[in-house]
Amino acid sequence: MRVAEAVGPLELADYQKAVRLVLRHPLVTVVWPDAGALPLVRRWAEQLRADLPEALGYRLVTTADTARLLRVQDELDATQPALTRGERPFDRRRYAYLVLTLAALGRSGAQIALGELADAVAADAARVDGLGMDTERKPDRDAFVDAVAWLEARGALRTADGSAAAWVNDPDRAEALYDIDREVTGALYRPRRVLQHLGSVTDLLDQDTPAGFAQGRETQRRTAARRARRLVLEQPAVYYDDVDEALRGQLRSPALAEDLERLTGLALERRAEGVALIDTSGRLSDLRFPAGGTVAQAALLLAARIAEQGAKPRTERLPAATAVERRAAAAARIDSALPERGLFAEIAEPVPAPVPETEGTESAEGDEGSGPADEAAYPFVTDAWLRGAMKRLVATYGQGMSAELRDDPDRLTARAIALLGSLRLVAPVDGGVLALPLLGRYRGVTAQVKTRPKAAAAAPAAQLTLSDTAPGSEPGTATRSEDQTP
């Protein structure tokens, strides 16, 4: 496969910028993510509509004021939440209010008052067991306005008058008026299937073979190649032990690096354990690492300690959960919230349980199946060891950390491990974490606390600075987009 064949060398960098833009921001509007984004995407829309389906199985839909990338999801991923303006992940209540707000906007005219919108969402929320929304309670108003602000940032709503912040503090005396953009609200919510017909969240994931159809050998190869490209773009690192034999072959193919490097302008790094798309500049990644801030810096220091501990000969080694096991566990958590009665249950088709593969199963052509690779084992460190290591790090470098987290090392440990897990540097398991191969590149991290001069009164008294002896230490979480709205 050759992407962007019609793009000349002088224009290639501009085209790759457009590719990175739509991969990082599946919805582009007049105002989101910035004013220059939509003109760039529209300039390359025809080429993108040709390349993205062929390379990734994605489809770009453009209108006068929007560009919407309809992506294919291969895995369930809890590390890409919607975020408030304060960079806090949405909880379940905020997600529910966001969906109910979109539904209410679909029944509204060209404008709507914030109080009127809140009343409509509260009426719908009252019909959902365990949800509800009381506009007399400030926490409910805060959650609702976070959903409204998320829509406003993307251009679905525009403030015509008033202030949402004032309404949150005193809804009896303050109000806000919004203009509704129909194109944006229509582009935001684009599920691949009617949700009432789903029996499990896994029905939203890509199906390699449509029901009732058989794929030929060439089609299977192209399907596997697209999935391999998607995995490398969507994941910080893809380990060979975590995929089946067909994908393993595609990940090792020289064409993979050529296609992705020409498509995105980023370099593909290969190691014995797997591959990663390296984004040292942050042009495509939604999550930088290493990065500033107490959590990221503490995570980097802890990563170095875990890597050193894992390299010791007597460290216990355990197998990590496979991708299939991770998907099953995530699906079970999400499916537990599905309605148990009413129309949903009546029309939902039952989902057959997956049939586990067994040794000696023959392939469709009658050849002996290759079977799974030998189960990989990774260094295991316990929760107690992690807590102790973080307390030692805080004792040494706490002067350069935020006081809130410095005084609560257990909370800092949990947040640091969550960050490392989202980057596929560690795998959280019962009782501790497993050190995954990518973690080894941070073994040479060093740190020091620099004290600011007393003259700089407005600046923090001390700052933690980190360095990495290994070159190219950016793992590159390539296209983890900032929102995962269907």
Do side-chain atoms of [X] reach the backbone of [Y] as a donor and acceptor pair under 3.5 angstrom?
X	Y	value
R68	L60	no
R270	L251	yes
T396	L393	no
R406	G398	yes
S200	D203	no

Checking side chain to side chain contact (heavy atoms under 4.5 Å, CB included) for the pair Y189/L98: CA distance, chi angles, key distance, verdict? CA-CA 11 Å; Y189 187 64; L98 175 61; over 6 Å; no
Separation between [atom1] of [X] and [atom2] of [Y], rounded to the nearest 0.5 Å:
X	Y	atom1	atom2	value
Q309	L386	CD	CG	9.5 Å
L48	Y15	CG	OH	5.5 Å
L263	L52	CG	CG	6.5 Å
L157	E152	CG	CD	7.0 Å
L420	L436	CG	CG	10.0 Å
S285	L423	OG	CG	9.0 Å

For residues [X] and [Y], report the shortest heavy-atom separation together with the two atoms involved.
X	Y	value
A299	L419	CB-CD2, 3.9 Å
G432	D383	CA-OD1, 3.2 Å
A296	A291	CB-O, 3.6 Å
S422	L287	OG-CD2, 3.7 Å
V72	G57	CG2-O, 3.3 Å
R20	T264	NH1-O, 2.8 Å

Check step by step if side chain to side chain contact (heavy atoms under 4.5 Å, CB included) holds for L204 and Q73. CA-CA 7 Å; L204 289 172; Q73 294 296 123; over 6 Å; no
Taking it one step at a time, do L284 and L23 satisfy side chain to side chain contact (heavy atoms under 4.5 Å, CB included)? CA-CA 8 Å; L284 185 55; L23 289 175; 4.1 Å; yes
Salt-bridge present ([X], [Y]; N to O < 4.0 Å):
X	Y	value
E54	R229	no
R71	E234	yes
E11	R43	yes
R226	D74	no
E308	R443	no
D14	K17	no
D242	R424	yes
E46	R49	no

Can you tell if the side chain of [X] reaches within under 4.5 Å of the side chain of [Y], non-hydrogen atoms only?
X	Y	result
V275	E269	no
L247	L231	yes
L266	I278	no
D408	D410	yes
W44	V7	yes
L69	L27	no
Y397	T294	no
Y95	P81	yes

Show me the donor-acceptor pairs within less than 3.5 Å that the side chains of residues 82-90 make with the rest of the protein, sequence neighbours left out.
{"from": "T84", "atom 1": "OG1", "to": "G86", "atom 2": "N", "distance (Å)": "3.2"}
{"from": "T84", "atom 1": "OG1", "to": "R88", "atom 2": "N", "distance (Å)": "3.1"}
{"from": "T84", "atom 1": "OG1", "to": "R88", "atom 2": "O", "distance (Å)": "3.4"}

Check against side chain to side chain contact (heavy atoms under 4.5 Å, CB included), V433 and V429: CA-CA 5 Å; V433 300; V429 295; 5.7 Å; no
Consider side-chain contact (heavy atoms from CB on, under 4.5 Å). Of V121, V168, L100, which one does F144 pass it with? V121
Kindly confirm or rule out a cation-pi arrangement of R154 over W150, judged by NZ or CZ under 6.0 Å from the six-membered ring centre and within 45° of its axis? yes
Do the numbers put R317 on top of the ring of F380, so that NZ or CZ is under 6.0 Å from the six-membered ring centre and no more than 45° off the axis? no
Count the heavy atoms belonging to other residues, nucleotides or ligands that lie under 6.0 Å from [atom1] of [X], then report whether that count exceeds 12.
X	atom1	result
R222	CZ	no
R59	CZ	no
E218	CD	yes

What pairs with E273 under side chain to side chain contact (heavy atoms under 4.5 Å, CB included), at least two apart in sequence or on another chain? Y239, R271, P437
Could you walk me through whether Y97 and D146 pass side-chain hydrogen bond (donor to acceptor under 3.5 Å, both in side chains), step by step? CA-CA 9 Å; Y97 289 169; D146 280 341; over 6 Å; no
Identify every side-chain donor-acceptor pair in residues 179-187 under 3.5 Å, counting partners at least two apart or on other chains, and give the distances.
{"from": "D179", "atom 1": "OD1", "to": "Q111", "atom 2": "NE2", "distance (Å)": "2.6"}
{"from": "D181", "atom 1": "OD1", "to": "E183", "atom 2": "N", "distance (Å)": "3.0"}
{"from": "D181", "atom 1": "OD1", "to": "V184", "atom 2": "N", "distance (Å)": "3.2"}
{"from": "D181", "atom 1": "OD2", "to": "R158", "atom 2": "NH1", "distance (Å)": "3.3"}
{"from": "R182", "atom 1": "NH1", "to": "L105", "atom 2": "O", "distance (Å)": "2.7"}
{"from": "R182", "atom 1": "NH2", "to": "L105", "atom 2": "O", "distance (Å)": "3.4"}
{"from": "R182", "atom 1": "NH2", "to": "S108", "atom 2": "O", "distance (Å)": "2.0"}
{"from": "R182", "atom 1": "NH2", "to": "G109", "atom 2": "O", "distance (Å)": "2.8"}
{"from": "E183", "atom 1": "OE1", "to": "T63", "atom 2": "OG1", "distance (Å)": "2.9"}
{"from": "E183", "atom 1": "OE1", "to": "D65", "atom 2": "N", "distance (Å)": "3.1"}
{"from": "T185", "atom 1": "OG1", "to": "D181", "atom 2": "O", "distance (Å)": "3.2"}
{"from": "T185", "atom 1": "OG1", "to": "R182", "atom 2": "O", "distance (Å)": "3.0"}

